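This report refers to the structure that appears directly beneath it.
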Protein chains: 2
Amino acid sequence: MGISDRKEREKQEMRKLIIGTAMDMFIHDGYEKTSIRNIAEKIEYSPATIYLYYKDKDELLYEVQGEAFAELYKAFEKEATSTDPMEKLEQLLHSYVKFGFEHPDLYDLMFILRSPMKAVSEDWPNCDESFEFLLKTITPCMHQLRFSDPGVASLSIWALGHGLISLFIRQRIKVMHLNDEEQRALITSTVNEHLRLIKK
Amino acid sequence: MGISDRKEREKQEMRKLIIGTAMDMFIHDGYEKTSIRNIAEKIEYSPATIYLYYKDKDELLYEVQGEAFAELYKAFEKEATSTDPMEKLEQLLHSYVKFGFEHPDLYDLMFILRSPMKAVSEDWPNCDESFEFLLKTITPCMHQLRFSDPGVASLSIWALGHGLISLFIRQRIKVMHLNDEEQRALITSTVNEHLRLIKK
DNA sequence: TTATTTTATAAACAGTGTTTAGTAAATTTG
DNA sequence: CAAATTTACTAAACACTGTTTATAAAATAA
């Protein structure tokens, strides 16, 4: 069965080539502005070929989201390393916001873009891990936090971070009449204030 | 000048017909799924006619956003009426979240959708008023809040509310494995907790 | 009534996601 | 090895999209 092994390998390589290229183009030009035809052109295949490996553009987004969630998790592992539970929680939130600042297009496609149908009906690939990281970081902090419920605590922290980044990325903070640098500084201040407020 | 008066009046009526229809369709089917052709068909004009009254689809969104921001402001005026500053602030945040729950498609187009170019270069119509409402509600509360800066205070409250609603609307809270009703309840709890935390 | 301006549209352009029918190459079978 | 079959790929088409242009009809001005 050497031939079917190689064929399977080649199939997986082709899939990797497609989503790798898709991810690059999503980051550079955004999801909506990246067309199947553009992706096909870059990998020097016909547009129809992509449909032999992926059901539709939605599935392409779904797969790229999986890669992106894995990258976020890696950032968490690298940056939220403190042995002190509270400090680790602070590092985690800062890591999340930093990810949004440094990879706005990835963040967009992970948390702002309309969910692909596959993600709604099934599960998000590598997304649970990141949320688990938050939950497991919060748990040992609960006695030092002004929350009684871990669900409320985690959602409060996540929503604040997400709210700040998504308002920034989609340029809604414009109503505050600040320039880019001032906006980033204000967001960082607000994150720090929130971390202060939730502490007992 | 009676004729040009009537013409101006007719022009404004046509504009109202177009954005009124556009708004209805944006709410029912969403911005992306509503096409200029669909709008034209509904008002029984050719697609090209719409371009005599509005520059492009972006401008249509910009105008509808204006209407939507005005509606949000009206909701604020109706629901945040307390004479007690702190209570008024609580009413305001609850009004904001309620607006998101009750008009998810409007909320989407106001705060989540990519900004129209016109809104980036110029100003958002009727958006400043709503943010001003928040600022003016917060100002007399400052001495009772655990914030020193009104900018941080207003952004913290806005970002939390927006974070919760946008994660809900774009179905990201799915990772917490709760049903729709549980999600709404958790969001309301988190709002109440935040209001408790920011108080001195 | 004629000339001019205004208003509306049919048709086209360049793009999109996706499907279908057909071809050429690789593999399996006799 | 040759024939049959499966696999991999693509050209072309379908049904859309936002937008522009050239043209016709209606309303107004001269």
Side-chain angles (χ1 to χ4, degrees), chain A residues 1-19 21-23 25-26 28-65 109 113-119, chain B residues 1-19 21-23 25-26 28-65 109 113-119:
Chain A
M1 287 295 133
I3 285 174
S4 61
D5 279 7
R6 174 177 56 79
K7 288 229 167 178
E8 181 58 32
R9 212 164 51 235
E10 282 172 351
K11 191 170 181 175
Q12 292 308 321
E13 270 166 29
M14 186 64 162
R15 284 177 67 95
K16 271 187 77 177
L17 176 66
I18 292 171
I19 56 150
T21 308
M23 190 174 195
M25 299 183 74
F26 289 170
H28 270 95
D29 312 320
Y31 174 73
E32 256 97 35
K33 286 183 182 171
T34 303
S35 71
I36 301 286
R37 280 175 176 81
N38 294 156
I39 299 170
E41 194 176 10
K42 184 154 268 178
I43 62 173
E44 296 178 293
Y45 278 87
S46 99
T49 301
I50 291 174
Y51 287 89
L52 298 176
Y53 296 88
Y54 292 98
K55 190 177 141 284
D56 51 23
K57 202 187 172 188
D58 230 44
E59 193 172 73
L60 235 54
L61 173 60
Y62 179 78
E63 298 282 329
V64 171
Q65 281 175 336
L109 122 197
L113 231 58
R114 229 165 214 104
S115 318
M117 282 318 294
K118 200 169 178 178
Chain B
M1 287 294 133
I3 287 174
S4 61
D5 280 7
R6 173 178 55 80
K7 289 226 166 179
E8 181 59 31
R9 211 165 51 236
E10 283 172 351
K11 191 170 181 174
Q12 291 309 322
E13 271 167 27
M14 186 63 164
R15 285 177 65 94
K16 271 187 75 176
L17 176 65
I18 293 170
I19 57 149
T21 309
M23 190 172 196
M25 299 182 74
F26 288 170
H28 270 94
D29 312 320
Y31 174 73
E32 257 97 36
K33 286 184 183 170
T34 304
S35 71
I36 300 285
R37 280 175 176 83
N38 295 156
I39 299 170
E41 195 176 10
K42 183 154 268 178
I43 63 174
E44 296 178 296
Y45 279 87
S46 98
T49 301
I50 291 175
Y51 287 89
L52 299 175
Y53 295 88
Y54 292 98
K55 191 178 142 282
D56 51 23
K57 202 188 171 187
D58 230 43
E59 194 172 75
L60 235 56
L61 173 60
Y62 179 78
E63 298 282 329
V64 171
Q65 281 174 335
L109 123 195
L113 232 57
R114 231 167 211 99
S115 318
M117 282 317 295
K118 199 170 178 178

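Every chain is numbered from 1 and lettered A, B, ... according to where its sequence line falls, protein lines coming before strand lines. What you are looking at is a predicted structure, and each value in this text was computed from that prediction instead of being measured.
- In this structure, CG of B:Leu60 is placed 10 Å from P of D:dG18, rounded to the nearest angstrom.
- Distance OH (B:Tyr53) to P (C:dT6): 13 Å, rounded to an integer number of Å.
- At the phosphate of D:dC9, neither OP1 nor OP2 sits under 4.0 Å from any side-chain N or O atom of A:Thr49.
- The separation between A:Lys11 atom NZ and D:dT7 atom P is 10 Å, rounded to whole Å.
- The distance between atom CG of A:Leu52 and atom P of C:dT20, rounded to the nearest whole Å, is 13 Å.
- As rounded to whole Å, 14 Å separates atom C1' of C:dA8 from atom CD of B:Glu10.
- In the displayed structure, A:Gln12 atom CD is contacted under 6.0 Å by more than 12 heavy atoms of other residues, nucleotides or ligands.
- Using a 4.0 Å heavy-atom cutoff across all strands shown, B:Tyr54 reaches no nucleic acid atom at all.
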Kindly give the atom pairs (protein nitrogen or oxygen, nucleotide nitrogen or oxygen) under 3.5 Å for nucleotides 14-17 of chain C.
| unit_1 | atom_1 | unit_2 | atom_2 | d |
| --- | --- | --- | --- | --- |
| C:dT16 | OP1 | A:Ser35 | OG | 2.9 |
| C:dG17 | OP1 | A:Ile36 | N | 3.2 |
| C:dG17 | OP1 | A:Lys57 | NZ | 3.3 |
| C:dG17 | OP2 | A:Ile36 | N | 2.9 |
| C:dG17 | N7 | A:Arg37 | NH1 | 2.7 |
| C:dG17 | O6 | A:Arg37 | NH2 | 3.0 |

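- Rounded to whole Å, the distance from CZ on B:Arg15 to P on C:dA8 is 14 Å.
- Between B:Ile50 atom CD1 and D:dT21 atom P the separation is 18 Å, expressed in whole Å.
- For the atom pair B:Ile39 CD1 and B:Thr21 OG1, the distance stands at 7.5 Å (nearest 0.5 Å).
- Residues B:Met14 and B:Thr49 have side chains in contact (heavy-atom distance under 4.5 Å, counting atoms from C-beta outward).
- Residues forming a ring pair (Phe, Tyr, Trp, His ring centres under 6.0 Å) with B:Tyr51 (at least two apart in sequence, or on another chain): none.
- With rounding to whole Å, B:Glu8 atom CD is found 19 Å from C:dT5 atom P.
- Note on the helix from C:dT1-D:dA30 to C:dG30-D:dC1: angle between the axes of the first and last five pairs equals 20°, rounded to 10 degrees.
- The distance from atom CZ of B:Arg37 to atom OG of B:Ser46, rounded to the nearest 0.5 Å, is 10.0 Å.
- Between the side chain of B:Asp58 and the main chain of B:Met117, a donor-acceptor pair closer than 3.5 Å is present.
- Judged by distance alone, with hydrogens and angles left aside, the side-chain atoms of B:Lys57 form a donor-acceptor pair with the main-chain N or O of B:Thr34 at under 3.5 Å.
- Around the CD atom of B:Glu44, the shell of radius 6.0 Å holds no more than 12 heavy atoms that belong to other residues, nucleotides or ligands.
- Judged purely by atom type and a 3.5 angstrom limit, A:Tyr54 uses its side chain to pair as donor or acceptor with the backbone of A:Arg15.
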